[in-house]
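The next block holds one structure in the form of structure tokens; read it before the comments.
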Amino acid sequence: MAECVVTLVAAQAGGAAIAEAAEIARQALVRLGARVAAVDWLSPDRACDIPFDDLAPDQADAGIRAVLGMVSIDVLSQHAAGRRKQLLVADMEATIIANEMLDELADIAGIQPQIAAITRRAMNGEID
């Protein structure tokens, strides 16, 4: 198992941006002297892990950010030991999904029309 891992997350799914970024990040790690394993896709066209050894996470992070420039991709390098991906906390609306999450949950509960009307009014600034 690799000592460290860098995680890349694209701002938007689709396209080749994240795949290109992953390859650029891998090459940067190799140039910095790291031993790099294969890319592990967490979500196709959206997020991946790149395991690596022989380089400190802060050095990996800085090196990757330098070569990616202003690309809209989040970079996180960390030690792999003790890393646990058991819970993801995220702003869903317009970040991970294009819909209003409350409306989606209301649909499951069978009250989507009522909740959608309230959501629409709130989004239009008619109610807080």
Side-chain angles (χ1 to χ4, degrees):
M1 182 166 149
E3 179 182 313
C4 300
V5 64
V6 61
T7 303
L8 304 179
V9 181
Q12 295 181 352
I18 188 74
E20 291 172 20
E23 183 54 32
I24 291 168
R26 283 186 88 259
Q27 291 172 11
L29 290 170
V30 169
R31 282 193 303 276
L32 290 167
R35 288 184 300 125
V36 183
V39 174
D40 177 19
W41 288 99
L42 306 173
S43 176
D45 297 328
R46 190 60 183 248
C48 68
D49 279 346
I50 305 172
F52 66 95
D53 287 322
D54 300 334
L55 186 66
D58 59 336
Q59 292 173 318
D61 200 272
I64 291 169
R65 288 175 189 275
V67 296
L68 290 182
M70 299 303 293
V71 176
S72 294
I73 294 177
D74 291 333
V75 178
L76 173 67
S77 297
Q78 60 187 316
H79 289 281
R83 177 175 180 245
R84 295 172 31 172
K85 297 180 288 187
Q86 294 183 343
L87 174 68
L88 170 67
V89 178
D91 174 14
M92 298 293 288
E93 289 88 0
T95 304
I96 296 176
I97 64 170
N99 303 343
E100 291 294 325
M101 192 65 205
L102 189 57
D103 290 354
E104 298 299 315
L105 292 171
D107 188 35
I108 293 168
I111 56 173
Q112 197 272 341
Q114 300 94 313
I115 299 301
I118 295 168
T119 301
R120 186 176 49 256
R121 290 183 59 210
M123 297 303 285
N124 289 334
E126 297 171 19
I127 58 176
D128 287 338

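The chain is numbered in sequence order, starting from 1. Both backbone and side-chain heavy atoms feed into the values below; hydrogens, waters and symmetry mates do not. Not measured: the values here are computed from a predicted model.
- Hydrophobic cluster membership differs between Val39 and Leu42, with clusters built from Ile, Leu, Val, Met, Phe, Trp and Tyr side chains linked at under 4.5 angstrom.
- Heavy atoms only, all atoms of each residue included: Gly63 and Ala28 are closest at O-CB, 4.3 Å.
- Once rounded to the nearest 0.5 Å, the distance linking OG of Ser77 with CG of Leu29 reads 7.0 Å.
- Residues Leu32 and Ile24 fall within the same hydrophobic cluster, defined by Ile, Leu, Val, Met, Phe, Trp and Tyr side chains chained together at heavy-atom separations under 4.5 Å.
- How far CZ of Arg120 is from CD of Glu126: 8.5 Å, rounded to the nearest 0.5 Å.
- Side-chain atoms of Asp49 do not come within 3.5 Å of backbone N or O of Asp40 as any donor-acceptor pair.
- Leu105 contributes atom CG, which lies 10.0 Å from atom CD1 of Ile115 (distance to the nearest 0.5 angstrom).
- Counting all heavy atoms, side chain and backbone alike, Ala10 lies closest to Ile18 at N-CD1, 3.9 Å.
- Two residues are said to be in side-chain contact when any heavy atoms from C-beta on lie closer than 4.5 Å; Arg121 and Asn124 fail this criterion.
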**OP:** Begin with the C-alpha distance, continue with both residues' side-chain angles, and end with the deciding distance and a verdict on side-chain contact (heavy atoms from CB on, under 4.5 Å) for Leu8 and Asp74.
**Re:** CA-CA 6 Å; Leu8 304 179; Asp74 291 333; over 6 Å; no
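- Side-chain heavy atoms closer than 4.5 Å link hydrophobic residues (I, L, V, M, F, W, Y) into clusters, and following such links, even through other members, never connects Val9 to Val67.
- Under the 3.5 Å distance criterion, the side-chain polar atoms of Arg26 are left unmatched by any main-chain donor or acceptor of Ile50.
- Atom CG of Asp54 and atom CD of Gln59 lie 11.0 Å apart (nearest 0.5 Å).
- Rounding to the nearest 0.5 angstrom, the gap separating the CZ atom in Arg31 from the CD atom in Gln27 is 6.0 Å.
- Contact detail for Phe52 and Pro57: the closest heavy-atom pair is CZ-CA, 4.3 Å.
- Nearest heavy atom pair, residue Leu76 against residue Asp61, reads CA-OD2, 3.8 Å.
- Between the side chain of Asp53 and the backbone N or O of Arg35, no donor-acceptor pair lies under 3.5 Å.
- Counting all heavy atoms, side chain and backbone alike, Ala47 lies closest to Trp41 at O-CE3, 3.4 Å.
- For Asp107 (side chain) and Asp103 (main-chain N/O), no donor-acceptor pair under 3.5 Å exists by modelled atom type.
- Under a hydrophobic-cluster definition in which Ile, Leu, Val, Met, Phe, Trp and Tyr are linked whenever side-chain heavy atoms come within less than 4.5 Å, directly or via other members, Val36 and Ile73 are assigned to the same cluster.
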